[in-house]
Number of protein chains: 2
Amino acid sequence: TMNSGVRKSVLLYGLLGGALIALLKAIEYRYLVVDHSVEIYGGLVALAFVSLGIWLGLRITGRTELVIVREVSVPATAPFTLNEAKLAAIGMTRRELEVLELIAEGLSNHEIAGRVFLSENTVKTHSKRVFEKLAATRRTQAVQLGKELGLIP
Amino acid sequence: TMNSGVRKSVLLYGLLGGALIALLKAIEYRYLVVDHSVEIYGGLVALAFVSLGIWLGLRITGRTELVIVREVSVPATAPFTLNEAKLAAIGMTRRELEVLELIAEGLSNHEIAGRVFLSENTVKTHSKRVFEKLAATRRTQAVQLGKELGLIP
DNA sequence: CAAATCCTCGCCCGAATGGATGATTTTGCC
DNA sequence: GGCAAAATCATCCATTCGGGCGAGGATTTG
């Protein structure tokens with residue numbers, strides 16, 4: 001058991017050592033090796049194993065990124081998106097919605113007619129349909145319901 | 001310069017090696033050392049440096065805390081706080097504000113009268129004052145202005 | 001093409017609302 | 001207690017609004 005571990009290590013540093021020797025030879029450092037062969041060899045081997053250890057250490061621990069998600073509450077003025085579903089569900093047309101919006105702005109039928117270039121009677125017809133579809137009997141009520149349904153801001 | 005680095009390494013593994021040898025002696029592994037001294041010694045040194053490397057690797061990386069700040073758009077139903085300042089600025093009374101709130105809910109004067117136990121005429125008087133102070137001529141307009149001024153939700 | 005839907009406009013009538021004015025009672029405060 | 005502000009109620013009148021009914025034209029869709 002321990003024997004195999006030792007043999008593996010021996011094989012490993014033997015190979016590394018051989019490689020290093022070859023490298024040193026190649027770059028003409030032979031004289032150094034001759035002079036201080038043991039120190040140089042040992043030092044380089046130590047350096048190599050330290051590097052290996054560092055690599056292993058980084059490898060086995062993986063990226064221990066501690067992810068902290070900090071959620072910040074933002075006031076967020078809901079930008080208002082028209083509730084198309086509700087719009088279709090109650091069968092309200094674009095023109096009717098447009099009239100409802102103008103009613104919500106506080107305009108009279110006469111003013112709305114002037115704004116969208118319609119006769120006052122037409123505006124009355126549209127508002128009438130709006131009331132029917134919203135089940136309202138007053139414009140203030142229609143506005144309230146329209147807001148609740150997300151049809152107007 | 002390089003000399004000092006090498007000397008340091010030599011000193012380091014020299015000391016470590018000595019310590020290991022002492023350790024081995026103490027635990028009666030001398031016969032092994034005698035037989036395969038070079039292999040055992042090198043292997044143990046390699047093991048030591050690998051351990052050092054692993055320790056270093058873990059040390060230098062530390063725990064990288066990755067903080068992610070996520071802006072969560074809270075529905076933020078602004079709890080609505082009555083704008084007392086505006087209220088006082090335009091001189092609107094509590095009763096008048098109450099009537100304005102009910103108008104905003106879509107109630108008729110008759111319904112409001114029933115709700116707050118007033119005669120319809122009184123409700124009309126209050127709503128009239130509300131219109132004066134808001135410079136409105138219609139209840140839908142008064143509601144719109146009231147919302148803008150922060151008098152009603 | 002025919003049917004359906006939407007948009008447009010008109011008329012009538014009753015109910016609701018807005019505006020003006022006045023009066024009495026209640027309430028808060030000095 | 002007395003004053004000022006607020007709240008209450010009323011009447012008259014004009015305008016607006018809501019509801020019912022009808023109808024013609026434009027656009028889309030089967």
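Naming convention: chains lettered A, B, ... in sequence-line order (proteins, then strands); numbering from 1 in each chain. These values consider heavy atoms only, across backbone and side chains, with no hydrogens, waters or symmetry-generated copies.
For D/dA7, the OP1/OP2 oxygens have a side-chain nitrogen or oxygen of B/T93 closer than 4.0 Å. For C/dT8, the OP1/OP2 oxygens have no side-chain nitrogen or oxygen of A/T122 closer than 4.0 Å. Within the structure, a side-chain polar atom (N or O) of B/H126 is placed less than 4.0 Å from OP1 or OP2 of D/dT8. For C/dG10, one of the phosphate oxygens OP1 or OP2 lies less than 4.0 angstrom from a side-chain nitrogen or oxygen of A/S119. For D/dC17, neither phosphate oxygen OP1 nor OP2 lies less than 4.0 angstrom from any side-chain nitrogen or oxygen of A/R138. Look at A/N109 and you'll find a side-chain N or O under 4.0 angstrom from OP1 or OP2 of D/dC17.
Salt-bridge annotation for A/R94 and A/E84: present, with a side-chain N of the basic residue lying under 4.0 Å from a carboxylate O of the acidic one. Ion pairing between a basic and an acidic side chain is recognised when a charged N comes within 4.0 Å of a carboxylate O; B/E111 and A/R138 show such pairing. A salt bridge is absent between A/E148 and A/K86: the closest approach of a Lys/Arg side-chain nitrogen to an acidic carboxylate oxygen does not fall below 4.0 angstrom.
Between the A/S127 side chain and the A/V123 main chain, a donor and an acceptor come within less than 3.5 Å of each other.
Each of D/dG18, C/dC9, C/dT17 was ranked by its minimum atom distance to the side chain of A/N121; first place goes to C/dC9.
Across the protein-nucleic acid pair, B/R95 atom CZ and D/dC9 atom C1' stand 13 Å apart, rounded to whole Å. Straight-line distance from the CG atom of A/L107 to the C1' atom of D/dC17: 15 Å, rounded to whole Å. Between the CZ atom of A/R129 and the P atom of C/dC6 there is a distance of 9 Å, rounded to whole Å. To the nearest angstrom, C1' of C/dT17 lies 9 Å from CD of B/E120. Nucleotide C/dT17 holds its C1' atom 11 Å from the NZ atom of B/K128, rounded to whole Å. Distance CZ (A/R139) to C1' (D/dT15): 13 Å, rounded to an integer number of Å. Across the protein-nucleic acid pair, A/F131 atom CZ and C/dA16 atom P stand 14 Å apart, rounded to whole Å. Across the protein-nucleic acid pair, B/R94 atom CZ and D/dA7 atom P stand 10 Å apart, rounded to whole Å.
Both B/K124 and B/V116 sit near DNA chain D, but only B/V116 has its closest nucleotide nearer the 5' end.
In this structure, a donor-acceptor pair under 3.5 Å is absent between the side chains of B/E96 and B/H126.
A donor N or O paired with an acceptor N or O is found under 3.5 Å between the base of D/dC9 and the side-chain atoms of B/T125.
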